[in-house]
Every structure is written in C-alpha cells, then in structure tokens.
Q: 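Please see the structure below; I have some questions.
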Amino acid sequence: MKARAIRISSQNSGAHRDHAVSPPRTLTGFLIVLVFLSALFGGSGAALSQAAGETTGPADQQQSGPLDQNRLDRARDYLRDNPISPPDTTSPRATLESFMFIMNEVNALWSAVRASYDDSNRFFLTDEEQQKQLLVRALLGKAAQTFDLSGIPVTSRENASIEIALQLQEILDRIPKPVFADVPGSPAGGFMHTDGKTNLPELWTIPGTSISVLRQQTGELRGHYLFSKDSVARIPEDYAVVSALPIQADRGEDLFEYYIYTPGNLIAPLWYDIIEVGPNWLHFHFADQAYWQWLALATLLVLYAAVLGQYVRWRKWRAVSVDERRRIVQSIVNPVLVVVAVSLFRYLCEDQINITGTPLVAIGTTTTAIIWSATAWLVYQLLQLLYVALVSASSPAQEGLDASLLRTGIRVFSLAVALVVLGYGATQIGIPIYGVIAGLGVGGLAIALAAQPTIENLIGGIILYADRMVRVGEYCQFDDLAGTVESIGIRSTRIRALDRTLITVANADLAKRKIINFSQRDQFHFHHQLGLRYETTPAALKQIMQAIRSYLLGQDKILTETMRVRLIGYDASAVTVQVYAYVQAPAYADFLELQEQMLFDIRAIVEANGSQFAFPSSTVYLSRDAAPAQDESNGAGTLADAGETRAA
C-alpha cells in the first residue's frame with residue numbers, strides 16, 4: 001500500500017516536511033521511559049541518568065551498560081499497575097526531567113501509530129492503534145501535570161494543556177539543552193520530597209528563557225515544583241519566537257504544527273487527503289489555524305445559523321397546545337436540542353476540524369456556558385412538569401392540595417436548583433462563583449434595600465401560607481374588599497369580587513389587613529325572628545313554639561345544644577318569636593339550601609296552628625266630641641263638631 005505523506009506547511013520557512021519514523025529512535029524512547037518508570041517504582045536517580053546519558057548532556061554522563069531485564073520487567077509492571085501515577089515534581093530537576101522523558105515517549109508512540117495508520121488505507125484505527133492513541137493522550141496529560149494550569153478555564157484546560165506541552169517540547173528542542181546536573185534538586189524518580197528544605201530555591205528559570213519552575217505554596221501540591229502560571233501563559237509567545245529556528249533534536253518535524261494544522265484526534269483521518277491535494281493556500285496559517293480550518297469553522301457556523309433559523313421559524317408557526325403538560329414537554333425539548341447541538345458543534349470543532357489555541361478556548365468557554373445554561377433551563381422545566389403531574393392527579397389526596405401554594409413552592413425550588421446548576425457551570429468556565437457570592441454579600445445590603453418591596457411581598461405571601469389565613473377558592477372580606485381568592489403568587493394575590501372584577505393586592509398589604517374568611521366556617525348560624533299576629537292566642541303561640549322545637553330536633557344537621565325557640569317580645573305590629581340554632585354544612589351554598597327548606601317548613605307549622613305572620617298595620621278609631629254650651633250673651637250659639645282620630 002502507498003504510504004500517505006503528512007505535509008506541514010509553514011509561512012515562516014515555506015518548506016514542507018515529510019513524515020518519517022526511525023525504528024531505532026522509537027525503541028530508544030520506549031526504553032528510556034521504561035527505565036524512568038522503573039526509577040519511579042524504586043530505582044535511583046543515578047540509574048535514570050545512566051539510561052538517558054545521551055539526553056542529559058556531557059556533564060551528567062554516566063557509564064552506560066546493558067539494561068537490567070529485571071528492572072525493565074518491574075517498569076512494565078509499574079506501568080500496568082499504576083497507570084495514573086503522577087510525575088515526580090519534588091524538585092526543579094525532577095520536574096524538568098519528568099517532562100522531557102514523558103514527551104520523548106509521547107513522540108515515539110505517536111510516530112509509530114501515525115506510521116502504521118498512514119501506510120494503510122483503512123478508515124479506522126485498529127484496536128492496537130487505538131490503545132496506543134489513548135496511551136499518547138494519557139502521557140500528554142501526565143506531562144501537563146508538571147504545569148500550573150490555574151490560569152486556564154476548566155472547560156478548555158485539557159486541550160490547551162496538550163498544546164502547551166507540545167509547544168514547550170518544541171522550545172526545548174530549539175534551545176541549548178540544560179545540563180541536568182546544574183538544575184537544583186534530585187533526579188526524577190526518587191520522589192524525595194523537599195518541602196521545607198532551604199537548599200532549594202523557590203524559583204528556578206531555564207537558562208536563556210523566561211520559563212520558570214516555581215514551588216507551590218498552597219493546595220494539594222504544596223512544596224512541589226511546577227512550571228509557573230506566568231510561564232505557562234508565555235509559552236505560546238516563546239514558541240512563536242523560536243518556531244523559525246531549526247530543530248536540534250533529530251525528529252524531523254514540528255509535532256505542534258502537525259497537531260494544530262491537521263484534523264482528527266492526534267491522527268489525521270483519511271478525508272484529510274482531499275485537503276492535502278487541494279490548493280496550497282488552504283495550508284497557509286492565520287492566528288494559529290490553517291486557512292482550511294477557518295473555512296470549515298465558518299461553514300459550520302453558517303450551517304448552524306441556518307438550521308437554527310428554520311427551527312425558530314417552525315416553532316413560531318406551530319400551534320400551541322392548550323394542555324399545560326404538553327406545553328411543558330415541548331419546552332423541555334428546546335434545552336435538550338440545545339445541549340445536543342452544542343455538544344455536536346464542540347465535537348466537530350475539537351476532534352474533527354481540530355480548532356486550537358485562542359479560538360479553542362473561546363469555543364470551549366462559549367459552548368460550556370451555553371450547555372450549562374440549557375441544563376439549568378432543562379432542570380427548571382422538569383421540575384415544572386413535576387408540579388403539573390402532582391396537581392393533575394385525580395386521587396382524593398391530591399385534589400385537596402392547594403395548587404397555588406404548590407406552584408409557588410415548586411417555582412421557588414426550581415429556581416433555586418437552576419441557580420445552583422448555573423453556578424456550577426460558571427465554575428467550569430473559570431468564573432469564581434464563590435467570590436461572586438462573597439461579593440454579593442458585600443452588595444447585599446444595597447440589593448436588599450432596592451428590592452425591599454419585592455422581598456416584603458414575598459415574605460407576606462409566605463405569612464399567608466404559613467398562617468393559613470386564606471386559600472385559593474375561599475370567599476373572604478379584607479377590610480373594604482370582598483371576593484373569592486383566585487391565586488396567591490410570589491408578589492401579589494388576586495381576588496375576584498362579586499361583580500366579577502379582578503382585584504390585585506400586594507401580599508404585604510394583604511397580610512396587614514383584617515381578614516374575614518367566610519369559607520372557613522365550620523358551622524352556619526341559623527338566626528331568624530318570627531313576627532306572629534296579635535290575634536294569635538297564647539295557647540296557639542305555645543303550640544307553634546313547641547312544634548318548631550320538635551321540627552328542629554328532628555334535623556340531623558342541627559346542633560341540638562345550640563338550639564332555642566323563645567318568645568322575646570311584643571313589638572309594635574307582631575308578637576316576636578326567636579328561632580336560633582347552628583347548622584353543620586360543608587359549604588355556604590349547602591347551608592343556604594338547607595336554610596331555605598327549614599324556612600318553608602316553619603311557615604307551614606305556623607299556618608297549620610291557626611296563625612299567620614304579622615305585617616305592619618294601623619287601626620283607625622272614629623268618634624264625635626260633645627257640643628259646647630251656647631253663649632247667650634252673643635245671642636246665638638254655634639254648634640262645633642270635632643272628630644278625633646286615634647291610631648294604635
């Protein structure tokens with residue numbers, strides 16, 4: 001089969017490098033790492049230097065000899081049994097040696113996998129090649145453990161650390177190699193922790209560079225030496241300066257250029273051949289990306305924008321369901337689609353187009369922010385669906401729930417959970433959420449003062465719920481207002497008046513009012529005064545009162561201990577009898593129905609006993625007064641008639 005030549009073009013040199021693999025160098029790198037792992041298992045720094053004398057320089061040369069097979073076997077066992085063992089960072093020398101030896105093995109394994117895949121026409125890697133590919137990524141991650149990556153957002157830290165490791169390797173390949181014997185500290189592999197010792201400096205800088213190894217003062221790696229955060233931030237700039245220099249190490253190509261200017265996950269896929277045979281300008285570079293990568297990214301963005309526009313348009317013209325549960329389910333679909341689409345976009349950018357550098361950080365940060373925001377949105381909608389499922393259940397236990405109270409509680413709880421999810425997502429993009437919370441504590445007073453009415457209304461609503469003053473559906477009187485409570489929200493309560501007008505009252509104002517809750521009555525007062533005619537004889541009056549008592553005693557809804565029927569007075573037009581009792585009824589409407597029937601029955605009792613209800617009346621009495629004596633002196637007498645009317 002014809003081998004594929006991986007072409008890396010550079011605007012600085014204008015040269016093309018062909019991929020080549022040297023089996024002896026691969027074997028040497030593999031043996032070096034095995035000896036290094038043997039040293040990690042229990043070997044000494046001298047043995048490590050002996051195995052890698054050609055790398056450490058003349059001043060650190062030791063007598064070389066055949067490798068001990070037992071030591072190699074122990075190294076293989078250590079690699080198998082301790083796949084996540086950290087590199088030795090107990091001194092500046094140990095940190096530098098650990099990084100260089102790990103990267104030598106990365107180069108050897110990576111080149112071997114590429115050569116095997118390029119010499120075939122397979123679309124996919126074999127199982128063995130995939131295992132080696134995973135090992136390469138694991139070793140790159142192990143090399144990144146020698147860096148202080150606290151200045152890089154968590155979302156893009158993994159990919160960014162790979163770039164920094166490859167860039168630092170290329171820098172070390174282009175500068176005079178440091179003499180390990182001159183680097184402070186013990187060789188790598190001894191794991192001799194130097195925390196607290198005074199013979200080691202706090203900071204050591206690679207000669208001729210600004211790359212420093214700094215002792216950590218806090219955290220789990222306190223006392224260990226890592227490439228400082230400032231140095232990690234400067235490595236891309238230093239690489240840009242030295243990238244035009246020739247490579248002193250005999251590797252034949254720039255691994256960082258291969259990594260950032262080719263697609264795929266470390267290994268360029270077959271479809272990259274189409275780009276290779278394309279125009280040369282596709283391989284030109286701009287902002288650490290090849291032109292073909294910018295073109296692919298722009299095409300992907302346009303495609304996503306077009307699909308998003310069509311989806312929004314389709315959702316706009318789609319009929320809205322009247323079922324609340326179905327509406328919430330439709331709302332859940334949106335964040336799910338956002339998460340899936342953004343995850344696919346990030347996969348295509350990182351693992352296929354292989355966007356790197358600053359654009360990678362921007363894409364990683366943006367996509368992570370969108371994913372966590374959509375996740376918070378999804379959590380909120382799922383909890384709202386839980387509310388709908390609870391209030392729509394048909395069991396008697398659920399029908400008695402206060403839907404408004406449950407809705408408010410679910411909304412507050414959903415919002416709190418969504419904010420927690422959003423806060424965790426903020427930490428993933430490098431936002432110090434705990435610092436933000438502390439800052440909110442400082443500005444909390446101003447926020448509380450500005451939001452005082454809202455907070456007061458929220459507390460007022462909680463008081464209404466806690467004291468159970470009113471519930472949805474109850475008829476109440478609030479000072480000068482009266483009506484049926486329709487909803488109790490976070491800020492206000494809505495009351496439907498008798499004339500069907502809707503009244504909205506702030507919870508804080510409502511909680512301060514005198515509330516008369518008519519719907520909370522457990523008993524209804526039956527209190528009426530019967531006015532009988534004065535023509536009713538005492539015997540008939542007593543018979544009527546006794547008949548009414550007997551009637552009330554026969555009603556199972558009447559509380560007998562509260563019942564009384566008494567003659568209470570003689571009014572202007574009637575003899576007044578009071579009928580008094582408490583009636584048990586589930587609702588006011590039921591009481592009205594029962595009261596109506598009782599009033600009909602009481603009237604029948606009165607009429608059956610020969611009496612009637614009195615009504616205001618007047619009696620007119622007519623009489624003639626006596627004639628006055630004649631006045632003889634006047635010669636004539638006048639007869640005067642007078643009439644007097646008395647009304648009783």
Side-chain angles (χ1 to χ4, degrees), residues 387 391 396-412 451-531 552 555-566 568 576-600 602:
Y387 156 76
V391 299
Q398 298 297 336
E399 290 178 357
L401 289 176
D402 189 338
S404 179
L405 173 61
L406 186 60
R407 176 184 288 274
T408 302
I410 289 293
R411 283 182 176 176
V412 173
Q452 182 179 359
T454 302
I455 297 176
E456 185 180 7
N457 290 327
L458 176 60
I459 296 176
I462 295 175
I463 292 175
L464 291 176
Y465 285 130
D467 289 349
R468 308 302 296 172
M469 298 178 183
V470 294
R471 299 179 65 179
V472 173
E474 295 179 341
Y475 181 81
C476 305
Q477 180 177 345
F478 312 91
D479 289 342
D480 57 338
L481 300 176
T484 303
V485 179
E486 285 202 346
S487 67
I488 303 176
I490 297 177
R491 192 197 69 85
S492 62
T493 298
R494 296 178 181 177
I495 303 169
R496 181 73 66 177
L498 295 178
D499 59 356
R500 302 303 298 164
T501 56
L502 186 62
I503 304 172
T504 302
V505 184
N507 290 333
D509 182 24
L510 194 63
K512 298 176 183 178
R513 298 192 177 200
K514 181 179 69 174
I515 301 176
I516 302 176
N517 193 329
F518 295 98
S519 299
Q520 290 290 340
R521 290 178 294 186
D522 56 346
Q523 300 170 6
F524 294 88
H525 193 194
F526 183 86
H527 184 201
H528 295 276
Q529 293 182 359
L530 307 179
L552 294 179
Q555 299 294 321
D556 56 353
K557 299 296 185 180
I558 299 296
L559 297 178
T560 57
E561 62 272 13
T562 64
M563 183 193 72
R564 66 173 178 262
V565 180
R566 289 287 185 261
I568 62 172
T576 304
V577 176
Q578 183 188 61
V579 181
Y580 184 99
Y582 279 95
V583 180
Q584 291 181 330
Y588 185 65
D590 297 326
F591 166 70
L592 293 178
E593 182 179 359
L594 181 59
Q595 177 180 249
E596 177 183 289
Q597 185 61 41
M598 291 173 62
L599 291 176
F600 276 121
I602 290 174

Q: Go through Gln595 and His528 one step at a time and tell me if the side chain to side chain donor-acceptor pair (under 3.5 Å) criterion holds.
A: CA-CA 10 Å; Gln595 177 180 249; His528 295 276; 3.1 Å; yes
Q: Does Arg494, at its CZ atom, have more than 12 non-hydrogen atoms belonging to other residues, nucleotides or ligands within less than 6.0 Å?
A: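 Open: at most 12 neighbouring heavy atoms sit under 6.0 Å from CZ of Arg494.
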Q: List the residues meeting side chain to side chain donor-acceptor pair (under 3.5 Å) with Glu596, not counting sequence neighbours, and say none if there are none.
A: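 With neighbours one apart ignored, the set is empty.
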Q: Looking at side-chain heavy atoms only, is the closest gap between Val579 and Leu552 below 4.5 Å?
A: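 In short, these two side chains touch, coming nearer than 4.5 Å.
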Q: Just jot down the side chain to side chain contact (heavy atoms under 4.5 Å, CB included) partners of Asp499, sequence neighbours excluded, or say none.
A: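 Listed in chain order: Ala497, Thr501.
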Q: Verify side chain to side chain contact (heavy atoms under 4.5 Å, CB included) between Val565 and Val577, making sure each step is shown before the conclusion.
A: CA-CA 7 Å; Val565 180; Val577 176; 3.9 Å; yes
Q: Taking side chain to side chain contact (heavy atoms under 4.5 Å, CB included) as the definition, give me every residue that meets it alongside Leu498, ordered by chain and number, with sequence neighbours left out.
A: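 Expected list: Tyr475.
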Q: Apply side chain to side chain contact (heavy atoms under 4.5 Å, CB included) to Leu502 and Glu486, showing your working.
A: CA-CA 9 Å; Leu502 186 62; Glu486 285 202 346; 3.7 Å; yes
Q: To the closest 0.5 Å, what do you measure between CE (Met563) and CD1 (Ile558)?
A: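 These two atoms lie 8.5 Å from each other.
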Q: Once you round to the nearest 0.5 Å, how far does CZ of Phe526 lie from OG1 of Thr562?
A: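 Phe526 atom CZ to Thr562 atom OG1 measures 11.5 Å (nearest 0.5 Å).
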Q: List in chain and number order the residues that pass salt bridge (Lys or Arg N to Asp or Glu O under 4.0 Å) with Arg564, two or more places apart in sequence or in another chain; answer none if no residue qualifies.
A: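 Checked Arg564 against salt bridge (Lys or Arg N to Asp or Glu O under 4.0 Å); zero matches.
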Q: Arg566: which residues meet the side chain to side chain donor-acceptor pair (under 3.5 Å) condition with it, sequence neighbours left out?
A: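 Counting only residues at least two positions away or on another chain, Arg566 forms no side chain to side chain donor-acceptor pair (under 3.5 Å).
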Q: I'd like to check the side chain to side chain contact (heavy atoms under 4.5 Å, CB included) partners of Thr576; sequence neighbours left out, ordered by chain and number.
A: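 By the side chain to side chain contact (heavy atoms under 4.5 Å, CB included) rule, Thr576 matches Gln529, Ile568, Asp571.
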Q: Between Val583 and Leu594, is there a side-chain heavy-atom distance shorter than 4.5 Å?
A: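 Leu594 vs Val583: side chains touch.
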Q: About how many Å separate NZ of Lys557 and CG of Asp590, when rounded to the nearest 0.5 Å?
A: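 Reported to 0.5 Å precision, the distance equals 8.5 Å.
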Q: What residues form a side chain to side chain contact (heavy atoms under 4.5 Å, CB included) with Leu481, not counting sequence neighbours?
A: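 In terms of side chain to side chain contact (heavy atoms under 4.5 Å, CB included), with neighbours along the sequence ignored, Leu481 is linked to Phe478, Ile503, Val505, Arg513.
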Q: For atom CD of Gln477, is the number of surrounding heavy atoms from other residues, nucleotides or ligands below 6.0 Å larger than 12?
A: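 Count over threshold, so yes.
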Q: Starting at CD of Gln597, measure out to CD of Gln555 and round the result to the nearest 0.5 Å.
A: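 Those atoms lie 8.5 Å apart.
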Q: Which residues pass the ring pair (Phe, Tyr, Trp, His ring centres under 6.0 Å) test with His525, not counting sequence neighbours?
A: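 Testing His525 for ring pair (Phe, Tyr, Trp, His ring centres under 6.0 Å), a comparison that skips the adjacent residues, returns His527, Tyr580, Tyr582.
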Q: If every non-hydrogen atom of Cys476 is compared with every non-hydrogen atom of Val485, which pair is closest and at what distance?
A: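 Nearest heavy atoms, Cys476 then Val485: SG-CG2, 4.4 Å.
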